[in-house]
2 protein chains.
Amino acid sequence: MEQNTEQWLADMLQLMEGDDSKKTEKQLKIIQAATEIFSEKGYSAASTSEIAQRAGVAEGTIFRHYKTKKDLLLSIVGPILAKTVAPLFMRDFAKLLDQPYTQIEDFYRAVLRDRLDFARKNAKILRIVIQELPFQPELLAQVKILFSEHVFARISRIYAHFQAQGQIMEAPSFRVLRFSVTTIVGMVLTHAILMPEISIDDEEEINWTIDALLHGIGKRS
Amino acid sequence: MEQNTEQWLADMLQLMEGDDSKKTEKQLKIIQAATEIFSEKGYSAASTSEIAQRAGVAEGTIFRHYKTKKDLLLSIVGPILAKTVAPLFMRDFAKLLDQPYTQIEDFYRAVLRDRLDFARKNAKILRIVIQELPFQPELLAQVKILFSEHVFARISRIYAHFQAQGQIMEAPSFRVLRFSVTTIVGMVLTHAILMPEISIDDEEEINWTIDALLHGIGKRS
DNA sequence: TTGTAAAGTGAGTAATCACTCATTTTCGTG
DNA sequence: CACGAAAATGAGTGATTACTCACTTTACAA
């Protein structure tokens, strides 16, 4: 399964790719407007007429390119899914782990820095994903497969790697996994989606978060 | 400000209270049906006719009790807000901190146990809150005031307390606060809302989470 | 039992919705 | 320029929406 994963991800990215080159100027405007309005008002509360208006196109133009409103949503949300977890499957990423003495701090630093930037750059789309995922059963099923088949296995191997190196405590991997994923996602979502208006020193926040994740907030002995 | 807070919370809870005693049987049915449908399909995608149908009442009956559909939403979502952070302001809670040698582990254990149960019991309503809060400006403003005026100050004092006792590390309180709130919320949301179908040993998960929060997931020296 | 206010009803309404389609405009190519 | 195809248009459509209101039923105190 693990050999297939890299190919699978390539397909996934290809399949999900926006493929901007083949898109009309007006089509790009539509996607841009729809992204804004979906993230502002939610999918259901957004109307195709308003999207058309903000995009500066006729309403019919939307339906030339997308059969339904849901098609439009999926064309926005779909491409982001694979990209969100893509770094896990990149060659650069594997190399980092192949180096036998990679410090786990450096590993976390790279992940947090990269995903924080990613989340900030795609904040609007991520908001849409978070909002609409619970109400889109097909998409939800797809994501669940993505995680249970690929992401979970990948992260488990990463922790096995660092555990074997004696860099993290010995504990059931699903607990370590749950805790650190919560920490990473919590930190990224807090600063990129929930409270983007609070300005922070990224490097400091990242370093502090890693320190707390590895050594806790209790009094150091 | 701090003296007013207790009174303020009493008012808040009173004001927000469902006050079930004064409600008609059909009105309770409406709230129950609306809660289900809102959490299943989202506020905008839910129709009043479907709510009426599931509640077993005429559509007009809904509008006897609630001027608008949004009124119905707020009557469901409103009462939960104060309750979510209520424990912070309870007398029992203050007592726990007045005892000079309360272990921070015991403190976290009480908080996690209590809020995990709360989130499970109110999972549907909490889902609605999470989904709709970004799209309800008045409600969002209310929540922001709630946190910046009361919750933030309260939690800061708690950490000052434990910091003075030497039970947690010395670091900018906003960082400790952000990290531990993320940890608590992340753990509760994961098991109560995101993945309620995964059965866990609550006590074990709570204890392990507290241990990781205080001492990290790094190798123990 | 009777009077009355509150609770409940459901057909009706104007507005809005996603989507269609006949027509026009734009664009790439020979 | 000429021409065929793709892109874009916007008025039109049936369905659905939140909400109203004239009316009926229920609950309860006198």
ring-ring contact (aromatic ring centres under 6.0 Å, His included) contacts touching residues 40-69 of chain A (sequence neighbours left out): A:F38-A:Y43

In chain order, what residues pass the side-chain hydrogen bond (donor to acceptor under 3.5 Å, both in side chains) check against B:S49, with sequence neighbours excluded? B:S47

Identify, with sequence neighbours excluded, every residue that meets side-chain hydrogen bond (donor to acceptor under 3.5 Å, both in side chains) alongside A:D71. none

Under the ring-ring contact (aromatic ring centres under 6.0 Å, His included) test, which residues partner B:F118, sequence neighbours left out? none

Look for any protein N or O under 3.5 Å of an N or O in nucleotides 23-26 of chain C and output each such pair with its distance, or none.
none

Expected list for residues 29-59 of chain B near DNA chain C, using heavy atoms below 4.0 Å, is B:V57, B:A58

Close N or O pairs between protein and nucleotides 13-15 of chain D (under 3.5 Å):
none

ring-ring contact (aromatic ring centres under 6.0 Å, His included) partners for A:F93, two or more places apart: A:F107

Go through the structure and list residues passing side-chain hydrogen bond (donor to acceptor under 3.5 Å, both in side chains) with B:R109, not counting sequence neighbours. B:D106, B:N207

Using the C1' atoms of the five pairs at each end, what is the angle between the end axes of the helix from C:dT1-D:dA30 to C:dG30-D:dC1, to 10°? 20°

Among residues at least two apart in sequence or on other chains, which ones pass salt bridge (Lys or Arg N to Asp or Glu O under 4.0 Å) with B:R175? A:E204, A:E205

Going by salt bridge (Lys or Arg N to Asp or Glu O under 4.0 Å), name the residues that satisfy it together with B:E203, two or more places apart in sequence or in a different chain. B:R113

